[in-house]
Every structure is written in C-alpha cells, then in structure tokens.
2 protein chains.
Amino acid sequence: MTETESTGTPTDTCAGPPQGNRRPDGADKYTISEVAALTGLTAHTLRWYERIGLMPHIDRSHTGQRRYSNRDLDWLALVGKLRLTGMPVADMVRYAELVRAGDHTYTERFELLKRTREDVLARIAELQGTLAVLDRKIDFYADAGLALASERTR
Amino acid sequence: MTETESTGTPTDTCAGPPQGNRRPDGADKYTISEVAALTGLTAHTLRWYERIGLMPHIDRSHTGQRRYSNRDLDWLALVGKLRLTGMPVADMVRYAELVRAGDHTYTERFELLKRTREDVLARIAELQGTLAVLDRKIDFYADAGLALASERTR
DNA sequence: CGCTTGCTTGGAGTGCACTCCAGGGATCTA
DNA sequence: TAGATCCCTGGAGTGCACTCCAAGCAAGCG
C-alpha cells in the first residue's frame, strides 16, 4: 500500500526516473526495508533480484547488511518499468549482464530496448482493441440495465 | 504421440478476431482442434477452460466429442480479449458464472466490465509512461552508438 | 543482562496458467 | 484388418515470479 511510484517530471537525461524522498548523492545509504518502502517491492524480492543477477553488486555495511545507493534506486526504477511491460525477468537479467559487460555491448542493449519498445507499442494497440470491445459490451449492459429498471420500477 | 496439440499458428499471434473462416450459423460445428486453430489456444487449454468453469456447456457429438458453435467462438474471443488485459482467470470464471446465473446479474456484470475498463485505461497509461522512459534510453544509446561509430570508422 | 527489532543466508513453498501424460475409444483410409 | 489420426478422461508436471521459513547474528534499550 506504500507504492511511492509517483509520476514525476520527465526532465532527466538518461535514466532519471521519478523518485520522491531520496537522500542527496553522497549521503545515499538505504537499508533494504527503506528500499522496499521506496519501490513497493518486498525485501524478499530485492534479495531475490540480487540472487538471480538482476542487480549490480550492492554495497554492504561493516556488519554485512545491504546499503543501497541512489544509483541502485535508479536501476530498480528502470526494472520496475520493464516489469510493467511484461518483459520476462530473464530478459532483464540479460540486459543487466550487458550493462555489467561494458561499453562494447551498447549495440546489443540498443537493439534490446528497441525490440522492447515495439512490444510496448503492440501491447498498447492490443489494449485499445480490448477497450473497444469492452465499451461495446458496456453500452449493451447500460441499455439492458436501463430497460430492466424502467420495466420494474416505473 | 496422440495429439498434434501445440502446432499452433507460427506467425499469426496478433490475437485479432479471425472471424473469416467461420461456418454459417446452423452449420457451426467445430472440433476441438479446429477451434484451437481458430483461436490460437491449444486443445489442452480449451478442455482446461471447460473444467474450471470458464466455458458454457459445450455440445457433444454422438460419440462424446466436443462440437463448438459460433456462440462458443464468440465467447472465446471475449475471453481472449479479457486475457490480454491481464484479468485473472478466476475473475473471468466469475463473469461466466454471472452469465450462467441469468438476467438478474446484469448490474453486477456491468460493474465488473466497468472496473475492467478502468484497469485497461490505467494499464495503457502505465505503458505510455514506460514508453517515455524507453524512448529516453533509446535516444541515449543512439547517441552513444553514433559517437562510438564515428570514433572508430570515420 | 535479556529483550526486541532488523538484517543475514540457503532452501523450500505458493499460486497462477497452463501443459502434458497414460491409457483408452472412435473414425477413416488402404 | 491394420494402421493412422483424431478425440476422450483424471491427474500429474512445468515454468515463472515471487514468498516464506528456520536459524542465527548485530545493535539499541531499560
């Protein structure tokens, strides 16, 4: 219920997604439960993301606890967006691997993003088709409901 | 090797209403594999839909084989649309129950459809937000790729 | 000092939506 | 009459994306 995924201003350059109550860079050390609150994911899921290779290496405190940075939050915001598109986690892991592999994977990342973009466009089109069907059915039920109501109450 | 189930349609995954190759009403008797071909679902899935109560009672031939009608195809088309919205199968079963229950469930069906419509609108908005992020990233990678290319080949 | 809270781990469990299997029956073609 | 092909059933298995568990460590508090 603490979904702090606001629709922020799209003014950032590359990966600057919307995120509210952050600490300034340099003082950006978040515990796992803070990140959970900020992202809406559970701590379980955050650890699981790390295990499957979807996260970069997360900083640790001197006692071994995770300390997330603003950069990690940026990455999680992107992951959240990709998740909304229905992209399989395995594909996101693939993208994460490309990022870790270095600059020579730019082209491949580019292709992956373009393919994803096409998928999103297709999904939007699908949903708009569904919306049309839904609207037709809703009109039908509105008429039927009206007919029933007038027949029964007046 | 009893059933050639998952042959499916190799390319046509648009899930649009393929109402072209239907038989006229009155001569509308389709076997399960014909329906599978028409809908893109597998015969397994069609039987499973029936088992969980997502389908009305399907006609049977004198030997007990399923014979689908145009009406069944209509229902499957709606189910396909609802599936695209991400609606859980359990909710679709609920809708199917309401339809079976009779005319006095009109209002409830109406509410369900309206809620679904809102969900679809929200989903489209989400996807458009994701599209914006994706486009920003794609622009970034296009520039980076260009820089790399000009550095190397020109 | 003990208690509570929050974090750690590997591994096991959950829910959804299929997906497949074994074993058998009916129909068609050669 | 044989073989191929389609279909039937209940139940078991699969893959994905989490979700939870048990056992234990570390810090803060009265």
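Below, all heavy atoms of this structure are taken into account, side chains as well, without hydrogens, waters or symmetry copies. Order of the sequence lines sets the chain letters (A, B, ...), proteins ahead of strands, with each chain counted from 1.
Within the 4.5 Å cutoff, no side-chain heavy atoms of A/Arg71 are placed close to those of A/Trp75. When side chains are defined from C-beta on, B/Glu111 does not count as touching B/Arg109, because their heavy atoms never get closer than 4.5 Å. Between A/Leu112 and A/Met87, some side-chain heavy-atom pair lies under the 4.5 Å cut-off.
Looking at residues two or more places apart in sequence or on another chain, you find a side chain to side chain contact (heavy atoms under 4.5 Å, CB included) between A/Leu84 and B/Glu126, B/Thr130. For A/Arg23, the side chain to side chain contact (heavy atoms under 4.5 Å, CB included) partners two or more places apart in sequence, or in a different chain, are A/Tyr30, A/Glu34. Among residues two or more places apart in sequence or in another chain, the side chain to side chain contact (heavy atoms under 4.5 Å, CB included) test is passed with A/Arg60 by A/Glu50, A/Arg66.
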Original post:
What string of B, S and - do you get for nucleotides 10-18 of chain C, 5' to 3', when a contact is any protein heavy atom under 4.0 Å?
Top reply: -B-----SB
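Rounded to an integer number of Å, the gap from B/His44 NE2 to D/dG10 P is 15 Å.
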Mind listing the N/O atom pairs, protein and nucleotides 6-8 of chain C, below 3.5 Å?
{"residue": "C/dC7", "atom": "OP1", "partner": "A/Thr31", "partner atom": "OG1", "Å": "3.2"}
{"residue": "C/dC7", "atom": "OP1", "partner": "A/Ser33", "partner atom": "OG", "Å": "2.6"}
{"residue": "C/dC7", "atom": "OP2", "partner": "A/Ser33", "partner atom": "OG", "Å": "3.4"}
{"residue": "C/dC7", "atom": "O4'", "partner": "A/Gln65", "partner atom": "NE2", "Å": "3.4"}
{"residue": "C/dT8", "atom": "OP1", "partner": "A/Arg66", "partner atom": "N", "Å": "2.7"}
{"residue": "C/dT8", "atom": "OP1", "partner": "A/Arg66", "partner atom": "NH1", "Å": "2.9"}
{"residue": "C/dT8", "atom": "OP2", "partner": "A/Arg47", "partner atom": "NH1", "Å": "2.6"}
{"residue": "C/dT8", "atom": "OP2", "partner": "A/Arg66", "partner atom": "NH1", "Å": "3.2"}
{"residue": "C/dT8", "atom": "O5'", "partner": "A/Arg66", "partner atom": "NH1", "Å": "3.3"}

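Summary of helix geometry: the two end axes of the helix from C/dC1-D/dG30 to C/dA30-D/dT1, each defined by five base pairs via their C1' atoms, are inclined to each other by 10° (rounded to 10°).
Below 30°, between 30° and 60°, or above 60°: for B/Tyr141 and A/Tyr106 the angle between ring planes is above 60°, a perpendicular geometry.
In this structure, B/Lys29 pairs ionically with B/Asp59, as a charged nitrogen and a carboxylate oxygen lie closer than 4.0 Å.
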